[in-house]
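Scroll down for the structure; my scribbles are underneath it.
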Protein chains: 2
Amino acid sequence: MVEDSTLRSPGRRLTKQRRLILRILESRRDHPGALEILEEAKKVQPSISLGTVYRNLKVLAEQGVIKEISTLGEGSRFDAQPVPHSHLVCRRCGKVIDVPFDLSETLDAEVSKQTGYLSVSHALTFYGVCPDCATEAERKRGWATERDEKSEEG
Amino acid sequence: MVEDSTLRSPGRRLTKQRRLILRILESRRDHPGALEILEEAKKVQPSISLGTVYRNLKVLAEQGVIKEISTLGEGSRFDAQPVPHSHLVCRRCGKVIDVPFDLSETLDAEVSKQTGYLSVSHALTFYGVCPDCATEAERKRGWATERDEKSEEG
DNA sequence: GTCTAAATTGATAGAGGTTCTCAATTATTT
DNA sequence: AAATAATTGAGAACCTCTATCAATTTAGAC
Ligand SMILES: [Zn+2]
Ligand SMILES: [Zn+2]
Ligand SMILES: [Zn+2]
Ligand SMILES: [Zn+2]
């Protein structure tokens, strides 16, 4: 639960739309995308628009209050959980689950030192085929077919 | 340098366009996107189309010959370097450079075991502001301003 | 080499996902 | 309360990427 003072950073105004979007994200563990957030926000404020959702997600990410998760293909998803962790993305349905493992932040400083890049952070993302998406044959074999898979690094 | 036998996997035919796209990617270290690859491919075969580039990048990634890199915002970039490594993406210009560090592949098997997901792989991506994009003030301070940054996890 | 079947291409339209524009509204400062 | 600047809602626009389809090319059989 982020306090209002954090959200009222210089040059920013805390609107009810912004607060609503953050509350929705804080209440969920399924890493929703912009459209899913819009859908839930409309239950509270039917007039809210998609552009407002995108704009606020961007501002909240700038403020470091939420994280943007790339799913390689589909649109971005978002996460307001404050504890650092990794993600496991299904290559077929795009579903994102948490993996309770992360690298030390000292690694970021190390990369910054070696490259000269500023404000270095990192994202560790796993990709796989979730049990719901795997075929019966694949489950038996223990691995998904290469066909219709993609090899990713991102 | 990948051999033709690898590229002629079952149900696949090795066209000169496919080979050209792979050769271009193998010759570069700057992780180009589809448009940049198209541009260079046209120098050899002016009639080649963007759709062909996208289709072939997808097939080559399926074959495990190249990797797709997500840059969170801009389009995907691609990499044909065979040695596992991480990437450092500039938050402002999208430039991608290599970081000679990666996690053990045994971690993928561990995640697979714990989650039931099949064919698990991973991507470790660092984000930062490159020296070209940082302002003078930011360089002196040693960190980039929070404003117009995004906090990412993907 | 010739023939056949299937994969691939080029061209173009189309489908998301995300950003931009701008007048009207609202949050903060004085 | 008034002034100032950020934000909103609506919609058009944008960008990346995918789908479609007739024409072409590859790979394998003869
Ligand atoms: Zn799935
Ligand atoms: Zn998460
Ligand atoms: Zn840069
Ligand atoms: Zn690389």
Side-chain angles (χ1 to χ4, degrees), chain A residues 4-5 7-22 31-39 41-42 44-63 66 68-78 91-94 96 147-148 150 152 154, chain B residues 4-22 31-39 41-42 44-63 66 68-78 92 94 147-148 150 152 154:
Chain A
D4 286 3
S5 59
L7 302 173
R8 271 188 264 263
S9 57
R12 292 295 177 195
R13 292 175 186 185
L14 180 51
T15 62
K16 53 167 143 346
Q17 289 90 340
R18 185 118 83 218
R19 211 193 315 252
L20 171 60
I21 288 163
L22 178 56
H31 313 88
L35 243 34
E36 293 164 282
I37 293 169
L38 174 68
E39 200 177 336
K42 278 190 166 170
V44 175
Q45 191 205 144
S47 69
I48 195 169
S49 80
L50 181 57
T52 296
V53 172
Y54 275 111
R55 272 182 309 233
N56 279 301
L57 287 170
K58 187 178 241 185
V59 171
L60 290 167
E62 276 172 25
Q63 293 177 324
I66 67 172
E68 182 177 357
I69 305 166
S70 114
T71 57
L72 206 52
E74 308 169 55
S76 288
R77 288 161 172 267
F78 298 86
R91 290 200 194 89
R92 293 192 179 153
C93 67
V96 176
R147 185 152 202 123
D148 84 351
K150 50 180 143 181
E152 74 300 291
Chain B
D4 286 3
S5 59
T6 306
L7 302 173
R8 271 189 261 264
S9 57
R12 292 296 177 195
R13 291 173 185 187
L14 180 49
T15 63
K16 53 166 145 342
Q17 289 89 342
R18 185 118 84 218
R19 210 192 316 251
L20 172 60
I21 288 164
L22 178 57
H31 312 88
L35 243 33
E36 294 165 279
I37 293 169
L38 175 68
E39 201 177 336
K42 278 189 165 170
V44 176
Q45 191 205 141
S47 68
I48 196 170
S49 80
L50 181 57
T52 297
V53 172
Y54 274 112
R55 274 183 306 233
N56 279 299
L57 288 170
K58 187 178 241 185
V59 170
L60 290 167
E62 276 172 26
Q63 294 178 322
I66 67 173
E68 182 178 357
I69 304 165
S70 114
T71 57
L72 205 52
E74 308 169 54
S76 287
R77 288 161 171 268
F78 299 86
R92 293 192 179 152
R147 186 156 202 120
D148 83 353
K150 51 179 142 181
E152 74 300 292

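Chain A is the first sequence line, chain B the second, and so forth, proteins listed ahead of strands; every chain is numbered from 1.
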Can you say whether a donor on the side chain of R13(B) sits under 3.5 Å from an acceptor on the base of dG28(D), or the other way round?
no

Report the residue (E74(B) or T15(A)) whose heavy-atom-nearest nucleotide on DNA chain D is the more 5′ of the two.
T15(A)

Under 4.0 angstrom between R12(A) side-chain N/O and dA27(C) OP1 or OP2:
no

Nearest to side-chain heavy atoms of R18(A), which nucleotide of dT7(D), dG9(D), dG10(C):
dT7(D)

If you only use heavy atoms from C-beta on, which nucleotide in dG10(C), dT16(D), dT8(D) is closest to the side chain of Y54(B)?
dT16(D)

Distance-only donor-acceptor check, side chains S9(B) and Q63(B), under 3.5 Å:
yes

Have a look at Q17(A) and say if it touches a base, only the backbone sugar-phosphate, or nothing, with a 4.0 Å heavy-atom cut-off.
sugar-phosphate

Should K58(B) be listed as having a side-chain N or O under 4.0 Å from OP1 or OP2 of dT18(D)?
yes

Closest listed nucleotide, where the reference is the side chain of Q45(A) and the choices are dG10(C), dT28(C), dG9(D)
dG9(D)

For the side chain of R55(B), counting heavy atoms from C-beta on, which of dT8(C), dG10(C), dG17(C) is nearest?
dG10(C)

Main-chain N/O of L14(B) paired with R8(B) side-chain donor or acceptor, under 3.5 Å:
no

Without decimals, in angstroms, what is the distance between F78(A) CZ and dG17(C) C1'?
11 Å

Any N or O donor-acceptor pair under 3.5 Å from the base of dG28(D) to the side chain of R8(B)?
no

Residue-phosphate contact under 4.0 Å: S76(A) side-chain N/O, dT18(C) OP1/OP2
yes

Counting side-chain heavy atoms from C-beta on, which of dT8(D), dG10(C), dC17(D) comes nearest to S47(B)?
dG10(C)

Using a cut-off of 4.0 Å on non-hydrogen atoms, how would the nucleic acid contact of L50(A) be classed: base, sugar-phosphate, or nothing?
base

To the nearest Å, how far apart are L72(A) CG and dT18(D) P?
10 Å

Tell me which nucleotide among dT18(C), dA27(D), dT8(D) gets nearest to the side chain of L14(B).
dA27(D)

Whole-Å distance, L57(A) CG to dT19(C) P, equals 10 Å

Is R12(B) paired with E62(B) through a side-chain N to carboxylate O contact shorter than 4.0 Å?
yes

Does the side chain of E68(B) pick up a donor-acceptor pair with the side chain of S76(B) at under 3.5 Å?
yes

Report yes or no: do T52(A) and R55(A) form a side-chain donor-acceptor pair below 3.5 Å?
yes

May I ask you to say what G75(A) touches in the nucleic acid, namely base, sugar-phosphate or nothing, with a heavy-atom cut-off under 4.0 Å?
sugar-phosphate

